[in-house]
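All remarks here apply to the structure that follows.
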Amino acid sequence: MIWHILGAGSLGCLWAARLAAQQHTVQLILRNTETIAGYQQAPGVGLSDAQHQHTVYYPVSAQLADDPQPIKHLLLACKAYDAEAAIAQVTQRLNSDSLVILLQNGLGSQQAVQKRLPNTRCIAASSTEGAYLAAPFHSVLAGQGQVILGDLDTNARPQPQQLLETCNAAGIPCLWSADIATQLWRKLAINCAINPLTVIYNCLNGELRNYPELINTLCDELHSLLCGAGQSEAAQALQEHVWAVIDKTAANSSSMRQDVLNQRRTEISYIIGFACTQSRALSCHTPTLHALHTQLQDALLAQGLPTV
Ligand SMILES: NC(=O)c1ccc[n+]([C@@H]2O[C@H](COP(=O)([O-])OP(=O)(O)OC[C@H]3O[C@@H](n4cnc5c(N)ncnc54)[C@H](OP(=O)(O)O)[C@@H]3O)[C@@H](O)[C@H]2O)c1
């Protein structure tokens, strides 16, 4: 298969390396000629295991977004807040035979991308793999996980068998879901209950056990929001899911807290910001959620970070 990867960060390089290892043709789409020049100084796309015992570099090519080559398989691996602008740069290279995989966390960016590509199949991913960059273009697979893929638009299409086989053969653990919206909404709700509080209290996930009443109130509000949004399956046993994630990831720092500690922009608008917008649109009563959003924005402001 020929793959284009737009967004050569932690996840983009993780996917690029594993696909290149299986002899797929992989092209990174980089921001500008300076980034390409910087990449050409690197030994290729690097991939290490969590303990850094094994590092392999793959000679992956790089190009600009305005390259004339049509795109058949595109992995959009940028942050949610960059997704719409990034896809706009390659829209003319996509057609009705193309397939786009969206790796963005949260909700909102996927719908914005699909709107820009009404004739292209957009597959949303919910990934629990954990990766970070040890150096530019050098990804470390820090946490094994699972990638759940599913069509964004609800018109039933056949499962993309070849895509799933290719990914799994490359060691990318993919499953297909006929209802990706449920996965994305459930993950959104869990992230809303956990991530903002870890920033506000500057704590590890497990330390949220100190705030049971607050978490349970948030879960109740998120439950009614999900039901109001027609996502009652995602709302099922939400509180139990949230506590299970807190226990399972007790020693972890949430991705949002990690962004703040690294002085990076967060994906707030695609997590709790999205939930609050939906809540207002549906006239849902979620006062604790709105207060948490404001508190989070204040905490970001105090760190000199964007509040959207
Ligand atoms: N990392 C994880 O473990 C993980 C796990 C699950 C989900 N996710 C989700 O996956 C998404 C990607 O995360 P990540 O950690 O891989 O992010 P990342 O390391 O920040 O990588 C994003 C990359 O996209 C590039 N980019 C953005 N706009 C671009 C454009 N128009 N043209 C070319 N390149 C562009 C960025 O370049 P610049 O540096 O120049 O901006 C950066 O290299 C996020 O939504 C994240 O929440 C990540």
Side-chain angles (χ1 to χ4, degrees), residues 4-18 27-39 42 45-48 50 60 62-67 71 74-91 93 100-113 116 124-149 172-174 183-184 187-188 190-192 194-195 245 249 252-274 306:
H4 285 79
I5 298 191
L6 178 41
S10 317
L11 280 196
C13 288
L14 177 66
W15 280 61
R18 293 182 293 187
Q27 293 276 352
L28 299 179
I29 299 178
L30 300 182
R31 265 194 199 279
N32 49 42
T33 47
E34 290 82 58
T35 322
I36 292 197
Y39 173 64
V45 173
L47 178 58
S48 297
V60 170
Q63 60 179 224
L64 292 173
D66 63 5
D67 190 283
I71 296 177
L74 177 70
L75 183 74
L76 188 66
C78 58
K79 290 284 172 68
Y81 48 75
D82 282 328
E84 212 181 335
I87 208 73
Q89 292 181 293
V90 294
T91 309
R93 299 175 60 184
V100 180
I101 298 184
L102 307 171
L103 283 184
Q104 288 62 46
N105 203 358
L107 273 169
S109 72
Q110 302 91 335
Q111 291 71 12
V113 168
R116 280 186 174 267
S126 176
S127 172
T128 55
E129 293 197 288
Y132 67 89
L133 285 183
F137 312 107
H138 177 173
S139 188
V140 178
L141 177 54
Q144 305 285 339
Q146 186 73 58
V147 185
I148 304 178
L149 298 171
I172 304 168
C174 288
Q183 308 289 337
L184 295 173
K187 189 168 181 215
L188 176 95
I190 294 171
N191 281 339
C192 284
I194 295 178
N195 293 13
V245 171
T249 63
N252 295 6
S253 186
S254 75
S255 56
M256 191 179 267
R257 176 171 180 253
Q258 232 22 66
D259 282 337
V260 173
L261 293 177
N262 292 323
Q263 281 291 294
R264 286 204 212 105
R265 182 176 172 186
T266 67
E267 295 179 301
I268 175 175
S269 295
Y270 300 88
I271 300 174
I272 191 165
F274 178 88

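Each ligand, and each atom within it, is numbered from 1 in the order the structure gives.
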For ligand 1, find out whether one of its N or O atoms is nearer than 3.5 Å to an N or O atom of [X].
X: Lys187; result: no
X: Gln104; result: no
X: Ala85; result: no
X: Ser127; result: no
X: Ile29; result: no

What atoms in ligand 1 come closer than 4.0 Å to a heavy atom of [X]?
X: Asp82; value: 27 (C), 28 (N)
X: Ala86; value: 31 (N)
X: Ser10; value: 1 (N), 15 (O), 16 (O), 19 (O)
X: Gly130; value: 3 (O)
X: Glu129; value: 3 (O), 5 (C), 6 (C)

What protein heavy atom is closest to [atom], reported as residue, atom name and distance in Å?
atom: atom 13 (O) of ligand 1; answer: Lys79 CE, 3.8 Å
atom: atom 24 (O) of ligand 1; answer: Gly7 CA, 3.2 Å
atom: atom 11 (C) of ligand 1; answer: Cys78 O, 3.5 Å
atom: atom 1 (N) of ligand 1; answer: Ala131 O, 3.1 Å
atom: atom 21 (O) of ligand 1; answer: Gly9 CA, 3.2 Å
atom: atom 31 (N) of ligand 1; answer: Gln89 OE1, 2.8 Å
atom: atom 9 (C) of ligand 1; answer: Leu103 O, 3.7 Å
atom: atom 39 (O) of ligand 1; answer: Arg31 NE, 4.9 Å

What I want to check is whether the side chains of Gln258 and Ser253 have a donor and an acceptor closer together than 3.5 Å.
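Result is yes, a qualifying pair exists.
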Would you find a donor on one side and an acceptor on the other, under 3.5 Å apart, between the side chain of Arg264 and the backbone of Met256?
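A pair under 3.5 Å: no.
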Backbone N or O of Gly108 within a donor-acceptor pair of the Gln110 side chain at under 3.5 Å?
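Yes: the side chain of Gln110 pairs with the backbone of Gly108.
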Is the closest side-chain heavy-atom distance between [X] and [Y] below 4.5 Å?
X: Asn195; Y: Ser255; value: yes
X: Gln63; Y: Leu30; value: no
X: Arg18; Y: Leu47; value: yes
X: Ile87; Y: Val100; value: yes

In terms of side-chain geometry, is the basic nitrogen of Glu84 or Arg116 positioned less than 4.0 Å from the acidic oxygen of its partner?
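Looking at Glu84 and Arg116, the cut-off is met.
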Do any heavy atoms of Leu133 fall under 4.0 Å from ligand 1?
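Contact check Leu133 vs ligand 1: negative.
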What part of [X], side chain, backbone, both or neither, has a heavy atom within less than 4.0 angstrom of ligand 1?
X: Ala77; result: backbone
X: Leu11; result: both
X: Arg264; result: neither

Between Ala125 and Val147, which heavy-atom pair has the shortest distance, and what is it?
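Nearest pair, atom of Ala125 first, then Val147: CB-CG1, 4.0 Å.
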Smallest separation among heavy atoms of Ala131 and Leu11, with atom names:
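Smallest heavy-atom distance, with atoms named: CB-CD2, 4.1 Å.
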The one among Leu102, Leu14, Leu6 that brings a heavy atom closest to atom 32 (N) of ligand 1
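The residue whose heavy atom sits nearest atom 32 (N) of ligand 1 is Leu6.
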Result of checking Ile71, Leu75, Val90 against Leu6 for side-chain contact (heavy atoms from CB on, under 4.5 Å):
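One option only clears the test, and that one is Val90.
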Ser126: side chain to side chain donor-acceptor pair (under 3.5 Å) partners, not counting sequence neighbours
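Expected list: none.
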Under 4.0 Å from atom 3 (O) of ligand 1, is there at least one protein heavy atom?
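Yes; the ligand atom in question has protein heavy-atom contact below 4.0 Å.
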Going by ring pair (Phe, Tyr, Trp, His ring centres under 6.0 Å), name the residues that satisfy it together with Tyr270, two or more places apart in sequence or in a different chain.
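Testing Tyr270 for ring pair (Phe, Tyr, Trp, His ring centres under 6.0 Å), a comparison that skips the adjacent residues, returns none.
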Please report the C-alpha distance between Asp82 and Arg265 in whole Å, then the side-chain angles of each, then the deciding distance to 0.1 Å, and finally whether the salt bridge (charged side-chain N to carboxylate O under 4.0 Å, His left out) criterion is met.
CA-CA 11 Å; Asp82 282 328; Arg265 182 176 172 186; 5.4 Å; no
